[in-house]
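Encoded as structure tokens, the structure appears first; notes follow it.
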Amino acid sequence: MEKTTEKPSPEAKALSLFFMAYKTKNPIYKEKSKRINRLWDLVKKGELNKEDYMKEIETMIDTYGGYNVVIEKTVQYYIDKSGEWKSNGNDQYSQDANRIADEILKKK
């Protein structure tokens with residue numbers, strides 16, 4: 001059994017961070033976060049193929065309005081909570097989140 005070092009997709013990262021942000025507001029988000037983390041662990045172990053994982057992620061993310069909406073809600077949550085958005089990553093999710101954060105902060 002070979003483990004993969006592949007990272008989750010931007011969509012999976014967006015969904016995970018969304019659930020982390022909102023888990024204190026509603027316990028269902030904490031359970032959904034645990035679920036996607038367990039699924040990713042199965043992918044890393046080779047017990048679940050990535051295509052099935054991504055189908056699950058896409059289905060979940062669509063129920064919350066899509067990739068951009070999930071990022072916007074997450075960024076807005078942290079801006080409302082702390083007054084700013086901090087992201088030092090250079091991956092696709094971080095770039096998208098920084099762009100959305102800039103748009104939100106310009107409106108203030």
Side-chain angles (χ1 to χ4, degrees):
M1 173 172 44
E2 185 177 314
K3 289 186 179 182
T4 177
T5 58
E6 188 174 0
K7 295 188 183 234
S9 70
E11 294 83 4
K13 186 173 180 180
L15 194 58
S16 179
L17 292 172
F18 172 78
F19 289 150
M20 285 177 23
Y22 285 93
K23 71 181 178 185
T24 58
K25 290 189 174 200
N26 188 335
I28 192 81
Y29 295 124
K30 185 175 183 176
E31 291 306 313
K32 289 184 182 234
S33 177
K34 287 179 184 179
R35 176 172 167 63
I36 64 170
N37 288 336
R38 277 193 305 267
L39 291 174
W40 181 247
D41 287 342
L42 292 175
V43 170
K44 290 190 308 186
K45 292 177 184 176
E47 296 175 15
L48 177 69
N49 70 43
K50 191 165 181 189
E51 291 78 24
D52 290 340
Y53 171 77
M54 285 308 301
K55 285 178 189 173
E56 184 74 20
I57 293 297
E58 289 296 329
T59 300
M60 287 175 133
I61 211 163
D62 287 347
T63 63
Y64 295 102
Y67 176 70
N68 286 328
V69 172
V70 168
I71 294 174
E72 184 177 347
K73 287 179 181 179
T74 304
V75 169
Q76 187 67 59
Y77 173 87
Y78 286 108
I79 289 173
D80 291 346
K81 185 174 180 174
S82 69
E84 63 184 347
W85 170 253
K86 294 180 184 177
S87 177
N88 298 328
N90 62 358
D91 61 347
Q92 185 61 51
Y93 170 82
S94 296
Q95 292 173 13
D96 294 339
N98 286 334
R99 178 183 45 79
I100 290 172
D102 290 343
E103 292 170 10
I104 290 171
L105 291 169
K106 283 180 186 176
K107 292 178 185 177
K108 280 192 160 193

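Values below: every heavy atom of this structure, side chains too, minus hydrogens, waters and symmetry copies. Given the structure is predicted, the values throughout are model-derived calculations rather than measurements.
More than 12 heavy atoms of other residues, nucleotides or ligands sit less than 6.0 Å from atom NZ of Lys50. Residue Asn90 places its CG atom among 12 or fewer non-hydrogen atoms of other residues, nucleotides or ligands, all under 6.0 Å distant.
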Side chain to side chain contact (heavy atoms under 4.5 Å, CB included) between Trp85 and Ile104, intermediate numbers included: CA-CA 10 Å; Trp85 170 253; Ile104 290 171; over 6 Å; no
Worked check of side chain to side chain contact (heavy atoms under 4.5 Å, CB included) between Leu17 and Tyr78: CA-CA 11 Å; Leu17 292 172; Tyr78 286 108; 5.9 Å; no
side-chain hydrogen bond (donor to acceptor under 3.5 Å, both in side chains) between Asp62 and Thr59, worked out: CA-CA 5 Å; Asp62 287 347; Thr59 300; 6.0 Å; no
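A pairwise comparison of heavy atoms in Pro8 and Tyr53 identifies CB-OH, 4.3 Å as the closest pair. Of all heavy-atom pairs spanning Ala14 and Thr74, the tightest one is O-OG1, 4.3 Å. The heavy-atom pair separating Lys25 from Tyr77 by the smallest distance is CE-CE1, 3.8 Å. In terms of heavy atoms, Glu11 sits closest to Ile61 at O-CD1, 3.5 Å.
Using cut-offs of 30° and 60° on the angle between ring planes, the pair Phe19 and Tyr64 is perpendicular.
Of the inter-residue distances, the one linking Thr24 atom OG1 with Lys81 atom NZ reads 6.0 Å to the nearest 0.5 angstrom. The CG atom of Leu15 lies 9.5 Å from the CD atom of Glu58; values are rounded to the nearest 0.5 Å. With rounding to the nearest 0.5 angstrom, the CD1 atom of Ile79 is 10.0 Å from the CD1 atom of Ile100.
Salt-bridge check for Arg35 with Glu31: failed, with every basic side-chain N at 4.0 Å or more from each acidic carboxylate O. Taking the charged nitrogens against the carboxylate oxygens, Asp41 and Lys44 do have a contact shorter than 4.0 Å, which makes a salt bridge.
Under a hydrophobic clustering in which Ile, Leu, Val, Met, Phe, Trp and Tyr are joined whenever their side-chain heavy atoms come within less than 4.5 Å, directly or via other members, Ile57 and Val69 fall into different clusters. Hydrophobic clustering places Ile28 together with Leu39 (ILVMFWY residues linked when any side-chain heavy atoms are closer than 4.5 Å, directly or through intermediates). In this structure, Val70 is a member of the same hydrophobic cluster as Ile36, with clusters built from ILVMFWY side-chain heavy atoms closer than 4.5 Å.
No hydrogens or angles considered: nothing links the side chains of Glu72 and Asn68 as a donor-acceptor pair under 3.5 Å.
Aromatic ring centres of Tyr29 and Phe18 lie closer together than 6.0 Å.
The side-chain heavy atoms of Lys13 and Ser94, taken from C-beta on, include a pair separated by under 4.5 Å. Side-chain atoms of Ser33 and Lys23, non-hydrogen and from C-beta on, never get closer than 4.5 Å to each other.
Ser16 contributes no side-chain N or O that, together with a main-chain N or O of Ala12, makes up a donor-acceptor pair within less than 3.5 Å.
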